[in-house]
Enquirer: 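Questions regarding the structure given below will be posed in turn.
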Amino acid sequence: MIVTRILGNAQQDDIAARLRERHVEKVSLAGEDLVKRIQRLSTDHGTEFGLRLPPRSPDLKDGDVLALPERSDESAIVVSVLPTDVLVIRPRSVLEMGRIAHSLGNRHLQAQFFADDSEYEAQVMVVQYDHTVEDYLRAEEVDFVRQSRIMPEPFRHAEHTH
């Protein structure tokens with residue numbers, strides 16, 4: 001089987017109802033695999049399939065449905081995103097945030113920002129774990145915590161040339 005499109009997400013009411021009527025197999029993906037358009041995958045039940053999404057397709061997300069057969073005796077396939085090892089940085093001021101963002105930007109690290117109304121319940125910057133970043137944050141006495149999180153968006157490798 002070759003999957004060529006995302007059929008929807010398990011969070012959508014109509015799809016969630018159809019999934020309840022079927023056996024669901026999960027394909028677990030790490031963050032870096034969410035951006036790959038072409039790959040060979042295997043579900044938690046050993047079903048192998050190919051993924052060939054067209055260019056400009058959105059990145060895969062937790063709950064994306066890759067197979068949802070009409071027959072209820074056939075299995076659906078749903079994406080399950082694996083947690084990412086991250087540093088959650090809680091700056092004490094805009095000045096501290098600017099200094100940290102500038103330093104980490106010079107290292108070409110991807111960052112995600114969250115507001116008070118997010119699951120973090122604070123204004124935070126989240127980056128993939130890196131021991132040199134952890135050392136920098138400790139040396140600068142910046143408030144941070146290392147966590148394992150399912151990120152809403154995958155971190156992408158930052159391309160850069162001078």
Enquirer: Measuring only between side-chain heavy atoms, which start at C-beta, is M125 closer than 4.5 Å to I100?
Expert: yes

Enquirer: Scan for side-chain hydrogen bond (donor to acceptor under 3.5 Å, both in side chains) pairs involving residues 28-41, sequence neighbours excluded, and state none if there are none.
Expert: D33-K36, R37-D59

Enquirer: Is atom CG of D14 surrounded by more than 12 heavy atoms (other residues, nucleotides or ligands) closer than 6.0 Å?
Expert: yes

Enquirer: Is the shortest heavy-atom distance from the side chain of K26 to the side chain of H45 under 4.5 Å?
Expert: no

Enquirer: How would you list, by chain and number, every residue that makes a side chain to side chain donor-acceptor pair (under 3.5 Å) with R146, sequence neighbours excluded?
Expert: D85

Enquirer: Considering residues, nucleotides and ligands other than E141, do more than 12 of their heavy atoms fall under 6.0 Å from its CD?
Expert: no

Enquirer: Do V27 and V78 make a side-chain contact, defined as non-hydrogen atoms from C-beta onward lying under 4.5 Å apart?
Expert: no

Enquirer: Using a cut-off of 6.0 Å, state whether more than 12 heavy atoms not belonging to Q11 lie near its atom CD.
Expert: no

Enquirer: What residues form a salt bridge (charged side-chain N to carboxylate O under 4.0 Å, His left out) with E153, not counting sequence neighbours?
Expert: none

Enquirer: So how far is it from F114 CZ to M151 CE, rounded to the nearest 0.5 Å?
Expert: 4.0 Å

Enquirer: As a quick check of understanding, evaluate side chain to side chain contact (heavy atoms under 4.5 Å, CB included) for I6 and V65, giving each step before the final call.
Expert: CA-CA 6 Å; I6 300 167; V65 178; 6.0 Å; no

Enquirer: Side-chain contact, heavy-atom cut-off 4.5 Å: V126 with Y120?
Expert: yes

Enquirer: Rounded to the nearest 0.5 Å, how far does CG of L29 lie from NZ of K61?
Expert: 13.0 Å

Enquirer: Between S103 and R99, is the side chain to side chain contact (heavy atoms under 4.5 Å, CB included) condition met? List the steps.
Expert: CA-CA 6 Å; S103 176; R99 195 169 35 81; over 6 Å; no

Enquirer: Indicate yes or no: at least one non-hydrogen side-chain atom of D143 is less than 4.5 angstrom from one of I89.
Expert: no

Enquirer: Give the intermediate values and the outcome of side chain to side chain contact (heavy atoms under 4.5 Å, CB included) for residues R90 and Q123.
Expert: CA-CA 7 Å; R90 299 175 194 270; Q123 295 179 10; over 6 Å; no

Enquirer: Is the side chain of R22 donor-acceptor paired with the backbone N or O of E70 at a distance under 3.5 Å, no angle test?
Expert: yes

Enquirer: Can a donor-acceptor pair be found, under 3.5 Å and without considering hydrogens, that links the side chain of D62 to the backbone of I150?
Expert: no

Enquirer: Going by heavy atoms in the side chains, are L66 and L60 under 4.5 Å from each other?
Expert: yes

Enquirer: So does R92 get a backbone contact from the side chain of E96, meaning a donor-acceptor N/O pair under 3.5 Å?
Expert: yes

Enquirer: From F49 CZ over to M1 CE, what is the distance, rounded to the nearest 0.5 angstrom?
Expert: 6.0 Å

Enquirer: Below 4.5 Å, heavy atoms only, C-beta onward: do Y129 and V86 meet side chain to side chain?
Expert: no

Enquirer: What residues, two or more places apart in sequence or in another chain, satisfy side chain to side chain donor-acceptor pair (under 3.5 Å) together with E25?
Expert: T43, T47, S75

Enquirer: Could you list the residues that satisfy side chain to side chain donor-acceptor pair (under 3.5 Å) with T132, not counting sequence neighbours?
Expert: D130

Enquirer: For E74 and H23, what are the C-alpha separation, side-chain angles and deciding distance, and is it a side chain to side chain contact (heavy atoms under 4.5 Å, CB included)?
Expert: CA-CA 7 Å; E74 294 178 348; H23 177 260; over 6 Å; no

Enquirer: Calculate, to the nearest 0.5 Å, the distance between atoms CG and CD belonging to L41 and E48 respectively.
Expert: 9.5 Å

Enquirer: Listed by chain and number, what are the side chain to side chain donor-acceptor pair (under 3.5 Å) partners of D73, not counting sequence neighbours?
Expert: R71

Enquirer: How long is the gap from CD on E140 to CG on D135, to the nearest 0.5 Å?
Expert: 12.0 Å

Enquirer: Under 4.5 Å between any side-chain heavy atoms of L51 and L53, yes or no?
Expert: yes

